[in-house]
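I have placed the structure first, in the form of structure tokens, so that the comments after it can refer back to it.
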Amino acid sequence: MNLNRTRIAVVSVAAALALTACGSAGDDDEGGGADVDVKEDAAAEFDDGTAMKEFAEAGAITIGVKFDQPGIGFKGATDDAPTGMDVEMAKILAGSLGIEPDGIEWKETISDNREPFLEGGEVDLVVASYSITDERRAVVGQAGPYYVTGQQLLVKTGSDIQTVEDIEGKEVCSVTGSTSLENVEAKGATARGFDTYSECRDQVLDGTVEAMSTDGSILLGYAAENPDEVEVVGEPFSEERYGIGYSLESPEMCEWINETVQKSYDDGTWADAFEATLGKSGVETPEPPAPDACPAA
Ligand code: GLU
């Protein structure tokens, strides 16, 4: 077993500059990442025939992340690579396979195409604010969780809507294929589904809908971009446990993902990643959740 590790600094300077230039980051440091370990001779650690061995030998992996959720998964038009907590988790996983961040092929996923992308092999992993649900676990693997958040509301500052009880009968937007849209409907709102959260956010900004609803971690990133115009209100009214999606054709990936997530908790990499990303939107670094047991082989 080779435990040599190379400590490399991953600093997305271009991303930070681009975010600052277009005024969308809300913070000069938004584009910065944490330090990621890249394991040497990683391929030797995995059994023949496993997906992990294949990725490690190829030195390449394709990972689906969001491109429009600041703090979680964000890539501006002129950025070379995405940034955010999910992106950091993806780098941690790739690093455990000996793959440098620039060996990762980043693919944009939206909420509605995460399962089809995994099932069709367009991506090897999905790390995209991807709540673990029984319905999703029936068609794809979801290891983790690595983070827990809850659904809240984003409204124009001073709105009549201040709690989830206030959305009954009101027009509220969210995203098709998300748990958020279903939850909003269940609370009696007239739900409007878009492809992406940034489209939904624009509807709130221009007054077309009265509120947007999804995970608090996502909303805080948008609120930080327009602090004078919008605010996050209400207590969380759901529990969203973020998992890492993989194909059920490679069930061996579950243990590897969970062990890598656990190691990132133990060695402080997870906390560093959190502080460098979501921490910048004002989210306190929480106690990380224990990953679920993997399904029996
Ligand atoms: N975490 C929720 C979900 O997976 C909402 C965020 C999203 O759509 O990515 O559906």
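For ligands, and for the atoms within them, numbers begin at 1 and follow the listed sequence.
Summarising the local packing, CD of Glu199 is surrounded by more than 12 heavy atoms from other residues, nucleotides or ligands at distances under 6.0 Å.
A side-chain donor from one of Lys66 and Ser111 sits under 3.5 Å from a side-chain acceptor of the other.
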Please set out all donor-acceptor pairs under 3.5 angstrom arising from side-chain atoms of residues 229-238, sequence neighbours excluded.
from	atom 1	to	atom 2	distance (Å)
Glu231	OE2	Gly158	N	3.4
Ser238	OG	Gln151	N	3.1
Ser238	OG	Glu240	OE2	2.6

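Under 4.0 Å is where a charged nitrogen must lie from a carboxylate oxygen, and between Glu108 and Lys75 no such pair does. Under 4.0 Å is where a charged nitrogen must lie from a carboxylate oxygen, and between Lys170 and Asp160 no such pair does.
Protein residues are said to neighbour a ligand when one of their heavy atoms lies under 4.0 Å from it; for ligand 1 these are Lys66, Ser111, Arg114, Ala128, Ser129, Tyr130, Ser131, Arg136, Ser178, Thr179, Ser180, Tyr197, Thr214, Asp215, Ile218, Glu240, Tyr242.
Tyr147 and Tyr242 have perpendicular rings, their planes meeting at more than 60° on a 0 to 90° scale where under 30° would count as parallel.
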